[in-house]
Amino acid sequence: MNISADPSVKFDVVYEDESLAVIDKPAGLLVHPIKNPKSKIQNPKLAEFTLVDWLINRYPEIKKVGDEPELRPGIVHRLDKDTSGLMVIARNQETFEFLKAQFKEKKVEKRYLALVWGRVAKDEGQITLPIGRSRKFGRQAAGLKAKNTRPALTEFKVRERFGDFTLLEVYPKTGRTHQIRAHLASIGHPIAGDRLYAKKAAAGLGRQFLHAYFLKFTAPGGKVFQFQSELPDDLKEYLAGLAP
């Protein structure tokens with residue numbers, strides 16, 4: 001598949017050089033094909049357009065980059081399908097290994113904006129519940145409701161409170177699957193629009209209100225990169241319609 005398979009998907013390339021690229025992923029887009037337990041990857045005839053398709057079209061050299069290049073070439077970290085925001089992509093194996101180590105050593109700084117249900121009482125805080133597979137539902141969970149858990153840490157700060165919602169700035173210090181979504185749900189403040197973790201829908205919001213707006217990392221050679229991304233229009237419009 002190539003970019004012509006879905007010309008409606010628009011990308012903003014924030015930065016690119018010979019070793020890496022930083023893109024602003026739109027919501028509603030899978031980062032890479034879903035792995036099928038019966039085969040190496042999902043049947044390509046059934047696969048939907050993914051970020052990887054677009055990346056291979058623009059940067060064909062990444063086909064051999066990564067731990068699983070046949071599935072997620074150049075992908076050092078990921079965002080959920082309905083989460084928008086900044087991602088860094090490695091264009092060669094040396095850069096991939098370097099960035100992978102940066103993430104593993106928790107040297108990469110990521111910040112998200114999340115609109116959650118309810119008025120969060122504390123102006124700032126942290127969630128330290130371990131995350132694993134839910135004992136009851138087919139999703140991630142935090143604390144005693146999960147099995148095979150791993151340590152996880154999420155810090156947050158209140159940006160603004162609305163009638164039924166709170167806008168948070170969120171700083172994940174570990175990189176567990178669905179970490180921010182599961183952690184915020186575990187304290188009774190699931191993300192607005194999250195169809196998996198929130199028990200009620202947010203009228204007028206077509207996806208989860210979660211945006212990776214800030215990314216800071218060091219590249220091979222020691223250069224420090226820092227990027228910011230504005231809220232997408234759909235999230236801006238939803239915020240504008242909320243009562244204070």
Side-chain angles (χ1 to χ4, degrees), residues 25 27 31 76-88 100 102-202 205 207-217 226-229 231-232 235 238-239 242:
K25 187 187 88 67
V31 170
V76 187
H77 65 125
R78 61 182 293 278
L79 295 176
D80 293 334
K81 179 178 179 178
D82 289 326
T83 299
S84 54
L86 297 169
M87 289 183 63
V88 58
K100 179 182 174 182
Q102 293 284 301
F103 277 93
K104 186 176 181 179
E105 296 165 10
K106 301 178 178 59
K107 294 180 179 179
V108 178
E109 185 178 349
K110 297 177 291 180
R111 302 179 195 171
Y112 293 72
L113 290 175
L115 185 73
V116 301
W117 279 102
R119 294 178 71 87
V120 178
K122 295 182 179 180
D123 289 338
E124 57 185 60
Q126 62 176 219
I127 308 167
T128 59
L129 291 173
I131 289 179
R133 199 69 177 168
S134 171
R135 296 180 182 277
K136 185 177 180 181
F137 304 104
R139 65 187 187 195
Q140 298 299 94
L144 296 176
K145 295 180 180 180
K147 58 183 179 180
N148 301 323
T149 59
R150 300 173 67 189
L153 171 61
T154 303
E155 297 178 350
F156 65 85
K157 182 182 295 184
V158 171
R159 274 227 181 168
E160 191 171 354
R161 294 180 176 90
F162 300 90
D164 295 321
F165 301 95
T166 303
L167 181 64
L168 299 177
E169 188 166 338
V170 186
Y171 321 98
K173 300 300 182 180
T174 48
R176 310 304 176 213
T177 299
H178 292 187
Q179 176 174 317
I180 294 175
R181 298 164 65 189
H183 260 173
L184 291 174
S186 75
I187 62 170
H189 295 289
I191 294 174
D194 192 331
R195 297 170 186 172
L196 188 59
Y197 292 92
K199 294 181 179 179
K200 55 183 177 180
L205 186 59
R207 52 105 164 187
Q208 61 206 27
F209 196 120
L210 185 61
H211 180 65
Y213 86 94
F214 180 91
L215 182 64
K216 183 179 180 181
F217 61 89
Q226 179 174 307
F227 302 95
Q228 291 197 53
S229 166
L231 272 179
L235 302 187
Y238 193 79
L239 270 187
L242 295 179

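The first residue in the sequence is number 1, and the count goes up from there.
The closest side-chain heavy-atom distance from P190 to K199 is not below 4.5 Å. Side chains of L205 and L235 form a contact here, defined as non-hydrogen atoms less than 4.5 Å apart. With a 4.5 Å cut-off on side-chain heavy atoms, Y112 and F156 do not count as touching. You'll find the side chain of H189 stays beyond 4.5 Å of the side chain of T166, heavy atoms only. Within the 4.5 Å cutoff, side-chain heavy atoms of Y213 are placed close to those of Q228. At least one side-chain heavy atom of F209 sits under 4.5 Å from a side-chain heavy atom of L231.
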Given V88 and F103, is the side chain to side chain contact (heavy atoms under 4.5 Å, CB included) satisfied, shown in steps? CA-CA 11 Å; V88 58; F103 277 93; 4.2 Å; yes
If you look only at distance, which donor and acceptor atoms sit under 3.5 Å apart when one is on a side chain in residues 119-128 and the other is two or more places apart or in another chain?
from, atom 1, to, atom 2, distance (Å)
R119, NH1, F162, O, 2.5
D123, OD1, R161, NH1, 3.3
D123, OD1, R161, NH2, 2.9

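Here the straight-line distance linking atom NZ of K216 with atom CD of Q102 works out to 11.5 Å at 0.5 Å rounding. The distance from atom CD1 of I180 to atom NZ of K110, rounded to the nearest 0.5 Å, is 7.5 Å. Atom CG in L115 sits 12.5 Å away from atom CZ in R159 (nearest 0.5 Å). Here the CZ-NE2 distance, from R111 to H211, works out to 13.0 Å after rounding to the nearest 0.5 Å. Rounding to the nearest 0.5 angstrom, the gap separating the CD1 atom in I131 from the OG atom in S186 is 7.5 Å. With values rounded to the nearest 0.5 angstrom, E160 atom CD is found 9.0 Å from L242 atom CG.
Using a distance-only test at 3.5 Å, with no hydrogens or angles considered, a donor-acceptor pair links the side chain of R176 to the main chain of P151. Between the side chain of D194 and the backbone N or O of L196 there is at least one donor-acceptor pair closer than 3.5 Å. Of the possible donor and acceptor atoms, one in the side chain of H183 sits under 3.5 Å from a partner among the backbone N and O of L129.
Separation of the Y197 and H178 ring centroids falls under the 6.0 Å cut-off.
Here the shortest heavy-atom pairing between A202 and G193 reads CB-N, 3.8 Å. In terms of heavy atoms, V31 sits closest to L79 at CG2-O, 3.3 Å.
The existence of a salt bridge linking E155 and K157 is excluded, since no basic side-chain nitrogen approaches an acidic carboxylate oxygen closer than 4.0 Å.
T174 and R150 form no side-chain donor-acceptor contact under 3.5 Å, judged by distance and modelled atom types alone.
Among residues two or more places apart in sequence or in another chain, the ring-ring contact (aromatic ring centres under 6.0 Å, His included) test is passed with F165 by W117.
Under the side-chain hydrogen bond (donor to acceptor under 3.5 Å, both in side chains) rule, S84 has a single partner from R207, Q208, K25, which is R207.
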